Every structure is written in structure tokens, then in C-alpha cells.
Amino acid sequence: MAVLDMLETLAPIREKIVAGARLDFEDGVTLMESDDLLALGELADLARRVRGGGDEVFFVQNLYLNQTNVCRVKCKFCAFAKTRKQEDAYTISADELVEDAIKQHAATKFTEIHCVNGENPHVDLEFYVSVIRKLKAALPDVHLKFYTASEIHHIAQLAGISHEEVLRELKNAGLGSLPGGGAEIFADRVRQLIAPGKEHPDNWFHIHDLAHKMGIPTHCTLLYGHVETYEERIDHMVRLRDQQDATGGFLAFIPLAFHPENTVFERRGFKFTTGADDLKMIAVSRLMLDNIPNIKAYWIMMGMPMAQLALHFGANDVQGTVVREQIFQAAGATSGTEQKIPELVRFITEAGRVAVQRDTLYNELQRWAA
Ligand code: SF4
């Protein structure tokens, strides 16, 4: 089957990759339907190299913070959100958060803070702006990667101002980039099933489009392994590719495996994604997203051994030290919440690649010999 697959279905796609031609929607579905995992990995690694990729595998030293887990939206895949009355609900003031970040920085010297939150209806614009302003004043060299497009939309609604005005306020306060969350799957059918309370995907694109035009780089994601079809995964990737053609501001794509624990889907019998599906997603992402330079194997979600394998399936980034991640932990991730730099370097080096510590914008900070 594997040899036949390569000869009959993957060979024309390979020719396109070698020729530097773009894959179309049907090619994407063909790749998803292939069960020849090793051939997909080989093709994806070829695509990465044909497009100029080298042996470098990047990571960033970062701290994950959440200001609030109170959320009005109730996405069915989410194990993080709470209502304000739940015992473990929290909303942290800007001063508390800054104090905590300063202590962490003294210990680890991270270069990035990654912060996403629930859509808390009980706060205001200043709650979001002041934490950026205070962090920038306290830690001026740290890049602030704050607020998904869904949160930007939520803040705009809270404050009664436009997406552009929210982004300008945050940029003026010190915002560096946006994380890629809130994308889930763009297809309306899936969104209705898994996140009926979330805003329309047009808002996600509008906000990333505006951010890129304002000089704010962003990241993009896809949440897979729930009720979506292969066609809906590819449709999502093609929409991201079109946006990147238009504005070029996506730094990286991160496929996110759905973790069902503590969600409605766990009660319905949904399981964690398999390693085969995780590797296929990395490979197909690399093959389809020819204009997004970095594909992340997010170790906190897939585990470090699988992330190491993903480096041979088109990934060139393992995210970072990820101190104190809460969202995937709430949904059953068992990968721990902190990888120290020597451990990341060991995993990358033993995969035969060159470990490079980067900043958020992919400037090289340090490299380790293979
Ligand atoms: S995914 Fe985000 S918006 Fe949806 S319920 Fe969870 S915290 Fe709220």
C-alpha cells in the first residue's frame, strides 16, 4: 500500500514540491487521506529544505501567564474557562501579575511573555492595557505576546471601540505580537458544533489583517482532532495561506491537538489524538503552508518525544521553555509545564538538528553545535 501510495498519489505532489509549485486544495486532501506516514514526513522535510530551511530548530525562552480564567463563551472543547462564581475562578490585577513576572524573570531571564485569557465580561479596557504598560515599564526588553484575536474582539465589544483602536491602544502600551489562538477551525459547521458562542471567523481574519498592516506580527493555529473533516482542515490552511499572501505577518503556524479531558467531549467518548495524526498534521501543514516560514511542534501538547520526531516531518520550532502553561494542562496534557534549556537542546541535538535559541521575532540569540 505504501509503495502504491507513493507511486500513484504522492508522486505528482512530489513533482510540484520539487518544482516549487503551490499545492491546491485537492492535493491537501490527498495528503490527509494518505496512510503512508513516512512518505509524508519525507515530502514535508523535502519541502522545508526546497524552500530554504536549514538544520536549525528554534525555541524561545518564555513565560506563560493568564490574567483571568473567567469566560463568558463556553466553548465545548475548553477545560480552562470558569464562571466567576466557581471556586477556582481567578482574575489577577496588573500589579500582582507584574510582581510575579519580575520574580520569574530574575530566576529564568525569559525573553517573551505569552498571555491569553478567558473572555471575562467583568473587566474593562484598562484591565488589558495597564498590564501591558506596567510590564513594558518593568521589563522593557521582554517581548509581550498578548491576547488572541478572540480577546481583541471581546475587548473591542467591552469598550465599545473598533478592533483597530484596541490594537493601537495595546501597541502604544507595548504590545509586541499576537498569539494565534481563537482560530479553532474556521468552517462554520464545525464552529457551530464546538464553539457556538465564539465570534465569526471573519473577525479573526480582520484582526490579524489589521495587526499585520499596523506592524504587529502574529501567529496562527488550527485545533484538530475533534469533529472536523480532512476537507475542513485543508480549507482552514488555505484561508491562512491566502491571508499570508495578502499581508505576510504570520511568524509561525501551530497545529494544536484537541485534548478532551475535562470537556464535554470526554463525556461523549472522544479520545486524545494519535501520534500518527499529530505527525500527519505537522507534515501537511508544512506542505500546504508554503508562505509561513515556521511550523511549530508544540511539545506541551504532543509531548517532547513526539515533538522530536516531528522535526523530521517538517517542523522547525519546538516553541519554548513554556514555564507554567495552564490551558493544555487543564485538558489533560501530561507533558509537564517546563522544559529547561539543556533538555530542549538535548532533544533537538539528538534528532540530528542544530538547536537555536531565538527571540519572538526569530532573531538568533544562541546556537549549540550539532
Ligand atoms: S476557549 Fe477561550 S473563549 Fe472558549 S471557553 Fe475557553 S477561554 Fe473561553
Side-chain angles (χ1 to χ4, degrees), residues 64-92 97 113-125 127-128 131 145-159 163 166 178-208 218-228 232 236 254-268 270 272-273 298 300-301 322 324-333 337:
Y64 274 44
L65 292 179
N66 306 101
Q67 289 166 264
T68 179
N69 62 353
V70 175
C71 187
R72 58 167 191 90
V73 183
K74 299 188 174 60
C75 299
K76 292 184 182 167
F77 58 82
C78 180
F80 169 74
K82 304 288 171 199
T83 61
R84 187 162 57 160
K85 290 188 179 148
Q86 281 182 279
E87 214 176 287
D88 42 358
Y90 62 79
T91 301
I92 300 169
L97 190 124
I113 299 176
H114 170 115
C115 177
V116 297
N117 300 287
E119 296 187 19
N120 188 334
H122 311 290
V123 295
D124 58 12
L125 177 66
F127 174 78
Y128 294 98
V131 79
K145 178 184 167 196
F146 271 56
Y147 308 138
T148 66
S150 298
E151 289 175 85
I152 300 292
H153 180 68
H154 169 66
I155 298 167
Q157 289 196 313
L158 274 180
H163 296 153
V166 174
L178 300 185
E184 325 312 354
I185 291 264
F186 297 132
D188 288 336
R189 182 194 74 87
V190 180
R191 246 174 145 82
Q192 282 305 314
L193 290 172
I194 66 168
K198 206 157 228 180
E199 79 289 343
H200 193 273
D202 287 354
N203 288 299
W204 192 97
F205 279 105
H206 183 237
I207 289 160
H208 283 264
T218 72
H219 303 75
C220 52
T221 60
L222 181 161
L223 183 72
Y224 67 95
H226 40 87
V227 300
E228 85 288 359
E232 285 158 343
H236 185 105
I254 310 108
L256 298 172
F258 173 53
H259 280 217
E261 208 165 284
N262 303 322
T263 74
V264 170
F265 290 101
E266 183 186 27
R267 295 196 286 282
R268 294 185 191 175
F270 278 62
F272 288 93
T273 56
Y298 191 38
I300 200 90
M301 169 270 286
V322 189
R324 253 204 254 144
E325 197 278 341
Q326 292 183 25
I327 292 174
F328 279 93
Q329 299 302 311
T337 59

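First listed ligand is number 1; within each ligand, the first listed atom is number 1. Treat the numbers as computed from the prediction; the structure is a model and nothing was measured. Values below: all heavy atoms of this structure, side chains included; hydrogens, waters and symmetry mates excluded.
The side chain to side chain contact (heavy atoms under 4.5 Å, CB included) check on Thr221 picks up Ala183, Ile254, Leu256, with sequence neighbours excluded. Applying the salt bridge (charged side-chain N to carboxylate O under 4.0 Å, His left out) rule to Glu199 yields no partners; only residues at least two apart in sequence or on another chain are considered.
Note on atom 6 (Fe) of ligand 1: protein N/O/S atoms under 2.8 Å are Cys78 SG.
Sorted by first and then second residue, the side chain to side chain donor-acceptor pair (under 3.5 Å) pairs with a member in residues 72-81 read Arg72-Glu119; sequence neighbours excluded.
Val70 places a side-chain heavy atom less than 4.5 Å from the side chain of His122.
Among Thr148, Leu178, Ile207, the single residue meeting the side chain to side chain contact (heavy atoms under 4.5 Å, CB included) criterion with Thr218 is Leu178. The side chain to side chain contact (heavy atoms under 4.5 Å, CB included) test with Phe127 singles out one residue from Val123, Val131, Leu125, and that residue is Val123.
A heavy-atom separation below 4.0 Å is found between Lys198 and ligand 1.
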